[in-house]
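Written below as structure tokens is the structure these notes are about.
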Amino acid sequence: MMFSLARNALNALKIRSIQQSVARQNHVKHSPDFHDKYGNIVLAGGTAFCVVAWVYTITQIGIMWNLSPVGRVTPAEWKVQ
């Protein structure tokens with residue numbers, strides 16, 4: 001009985017100390033780091049680079065894009081044997 005009472009008291013103290021340390025950490029001023037300062041700029045720059053690279057690729061490397069063959073394909077003459 002005495003052992004369980006002491007153990008419960010010790011656990012209560014541990015829980016209170018954890019709660020106090022969490023409360024202290026919540027009140028600490030958060031100084032901006034690299035991601036806070038430049039995160040959106042880096043994201044926008046990466047997006048712009050990706051878009052420009054794909055636009056260049058699509059327009060400059062000469063891929064034929066499944067265009068309609070109407071008007072370009074003429075049927076061959078029938079050869080009767």
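For Asn40, the CG atom is loosely surrounded, since the number of other residues' heavy atoms within 6.0 Å does not exceed 12.
Rounding to the nearest 0.5 Å gives a distance of 11.0 Å between CG of Asp36 and CZ of Phe34.
Of all non-hydrogen atoms in Ile61 and Thr57, the two that sit nearest each other are CG1-O, 3.0 Å.
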